[in-house]
*Asks:* 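Provided herewith is a single structure, encoded as structure tokens, for subsequent inquiry.
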Protein chains: 2
Amino acid sequence: MTIASPHGRTQPRLDDGSPVRVLVVDAESSLADLLSLALRYEGWEVRAAVGGAEALRRAREFRPDAVVLDMALPDMDALTLLGLLRQERPGVPVLFLTGRDTAEDRVAGLTAGGDDHVAKPFGLEDAVARLRGLLRRSRAAAPRAESVLTVGDLVLDEDSREVSRGGTEIHLTATEFELLRFLMRNPRRVLSKPQILDRVWSYDFGGRANVVELYISYLRRKIDAGRPPMIHTRRGAGYLIKPPAQAV
Amino acid sequence: MTIASPHGRTQPRLDDGSPVRVLVVDAESSLADLLSLALRYEGWEVRAAVGGAEALRRAREFRPDAVVLDMALPDMDALTLLGLLRQERPGVPVLFLTGRDTAEDRVAGLTAGGDDHVAKPFGLEDAVARLRGLLRRSRAAAPRAESVLTVGDLVLDEDSREVSRGGTEIHLTATEFELLRFLMRNPRRVLSKPQILDRVWSYDFGGRANVVELYISYLRRKIDAGRPPMIHTRRGAGYLIKPPAQAV
DNA sequence: CGGCACTCTGTGAATCGTCTGAGAATCGGA
DNA sequence: TCCGATTCTCAGACGATTCACAGAGTGCCG
């Protein structure tokens, strides 16, 4: 089951109606805070823990439905912690954060089918989407949760990463995809450039806000080309996506 | 009978509709946990036991439909335990886990009766598939259970390990087969390289994600060669398999 | 109607991700 | 033990993607 949250998104719920609980375990508290904030905004209940010892303590009392776990913890081997967490909460899906230099690929370990990985530095939209995907597939979450976003005749499938408008396939690059997903998850709502930058680009992106304009331009070429436009500029405010004209 | 599970896979069920129960008996709890998790993700009900004494206790109260049994237990000879388990639950299929040094002939006798075994270190995809196979063949499970995966005109038989496209037989190596099976069990879903590594390669594989690219390349040569491609790259995200174009 | 701020988009360079050939190491069967 | 099959590493090539920069375009305000 999913219900509408105050701000018009859909809020994740368990079968029994309680909100989904997520435990964020990180090495740096700044990253944990950043993620926690984003997840809380999604309507999830969040606890953050810095280091393994605190994580275990929190897991016991908080009983999370999912865990975000940094592979590089200060006080404990992440895989050890994973084992202990799994003992505490068997079956919880885990989203692993892997450092850029930390043997990027050497992720294989005691992780099983249901888990996922995100490499640092990541974009919040990407990380949050992956966590949504994890919960969607785990039986703890709503069984009928959809992986398809639709606005007008524009369709985006998060699982296959395919986008089409009016039945025509559209190829998008990774960044274009994330941007469009963010827009489509917030239809008819103006999103400011800083907001978009924070959400779609990695937290350590140092570039100018002009990239957003650039990528909006790319998207328009691919999505609106010769059709009633769905991506609109609100001068001085930001961008929004909505179905064209009559189709309300 | 198999019914659709939340995430679009098929979930194993007994004739009476109750989920399949599996008892995992291992020497190390970390391995037991890993396997349990993977099996739970497949939709099975799982209990883990470390050592023979605990295994017997659990078997009595849990009444498993299948058992995963490590040959090297700390407190009891595995064969003794096997006898006791069989007394408790006659006819229950058993998947043996054997260490790399276990004598080949010792296993041969055991698996004669319809049981199976995997050698450590194993890939999860392989181990889980073997357990599925055992249950499929045991009378406890549904008689009509299918062992054939189909995507478009591509057909993979899990029992005979035969693969064909458009009726033409295709020879695959063991690793190629596991990779293709994983893709075909998740059609139209993008699978990331770390996800594939976790699932297809052994848990102690220390290599780089480049092997995935390599084996995708092998598979394409054998499966897509000169035909409408079914294996697709999602740059920066992963790979997915789907039927070509119109054939939905 | 002028001017300013904001937005759009072409160009091009640097970087990144993926593919693939070559060959070493290992496995397994005769 | 030998030989072919298989697995895996390494490195080069190539195309795709990302992004900065700059000039053109556009709307808004006085």
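From a predicted model like this one, the values you see are computed outputs, not experimental measurements.
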*Asks:* Round to the nearest Å and state the distance from A/Arg220 atom CZ to C/dG10 atom C1'.
*Replies:*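 My rounded result for the distance is 16 Å.
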*Asks:* Would you call the rings of A/Tyr215 and A/Trp201 parallel, tilted or perpendicular, taking 30° and 60° as the class edges?
*Replies:* perpendicular
*Asks:* Scan A/Leu214 against the nucleic acid and name what it touches under 4.0 Å (heavy atoms): base, sugar-phosphate only, or nothing.
*Replies:* base
*Asks:* May I ask you to say what B/Tyr218 touches in the nucleic acid, namely base, sugar-phosphate or nothing, with a heavy-atom cut-off under 4.0 Å?
*Replies:*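 Answer is base: heavy atoms of B/Tyr218 come under 4.0 Å of a base.
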*Asks:* Can you tell me the distance, in whole Å, between the CG atom of B/Asn210 and the P atom of C/dC16?
*Replies:* 17 Å
*Asks:* Whole angstrom is fine here: how far is it from CZ in B/Arg221 over to C1' in D/dT7?
*Replies:* 14 Å
*Asks:* Measure from NZ on B/Lys193 to C1' on C/dT18 and round the result to the nearest Å.
*Replies:* 6 Å
*Asks:* Write down the distance between CD1 (B/Ile216) and C1' (D/dC8), rounded to a whole number of angstrom.
*Replies:*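 Going from CD1 in B/Ile216 over to C1' in D/dC8 covers 16 Å.
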*Asks:* Any side-chain N or O of A/Arg208 under 4.0 Å from OP1/OP2 of D/dC21?
*Replies:* yes
*Asks:* Within the 3.5 Å criterion, strictly below it, is a donor on A/Thr168 or A/Arg227 matched to an acceptor on the partner's side chain?
*Replies:* no
*Asks:* Mind checking side chain to side chain donor-acceptor pair (under 3.5 Å) for A/Asp70 and listing every partner two or more places apart, or none if nothing turns up?
*Replies:* A/Lys120
*Asks:* Are B/Asn210 and B/Glu213 close enough that a side-chain donor and a side-chain acceptor fall under 3.5 Å?
*Replies:*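 The criterion, which ignores hydrogens and geometry beyond distance, is satisfied for B/Glu213 and B/Asn210.
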*Asks:* Does A/Ser217 have a side-chain nitrogen or oxygen under 4.0 Å from the phosphate oxygens OP1 or OP2 of C/dT9?
*Replies:* yes
*Asks:* How long is the line joining CG of B/Asp204 and P of D/dC8, in whole Å?
*Replies:*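 That distance rounds to 11 Å.
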*Asks:* Once you round it to whole Å, what is the distance between P of D/dT7 and CZ of B/Phe177?
*Replies:*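 The answer, rounded to whole Å, is 13 Å.
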*Asks:* Identify, between B/Ala174 and A/Thr175, the residue whose nearest nucleotide on DNA chain D lies closer to the 5' end.
*Replies:* B/Ala174
*Asks:* With nearest nucleotides of DNA chain D determined for A/Tyr215 and B/Glu213 from heavy-atom distances, which residue corresponds to the more 5′ nucleotide?
*Replies:* B/Glu213
*Asks:* Give, for atom OH of A/Tyr218 and atom OG1 of A/Thr173, the distance between the pair rounded to the nearest 0.5 Å.
*Replies:* 8.5 Å
*Asks:* How many Å lie between CD on B/Glu176 and C1' on D/dC8, as a whole number?
*Replies:* 13 Å
*Asks:* Please check this pair: side chain of B/Asp115 against backbone of B/Phe96, looking for a donor-acceptor N/O pair closer than 3.5 Å.
*Replies:*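 No; judged by distance alone, with no hydrogens or angles, the pair does not exist.
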*Asks:* Quick check on contacts: within residues 230-240 of chain A, what sits under 4.0 Å from DNA chain C by heavy-atom distance?
*Replies:*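 Heavy-atom cutoff 4.0 Å gives A/Thr233, A/Arg235, A/Gly236, A/Tyr239.
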*Asks:* Whether B/Trp201 contacts D/dT7 is assessed here as follows: a side-chain N or O lying under 4.0 Å from the phosphate OP1 or OP2. Is that the case?
*Replies:* no
*Asks:* Will you find, in the side chains of B/Arg220 and B/Thr233, an N or O donor that is under 3.5 Å from an N or O acceptor?
*Replies:*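 Short answer, yes.
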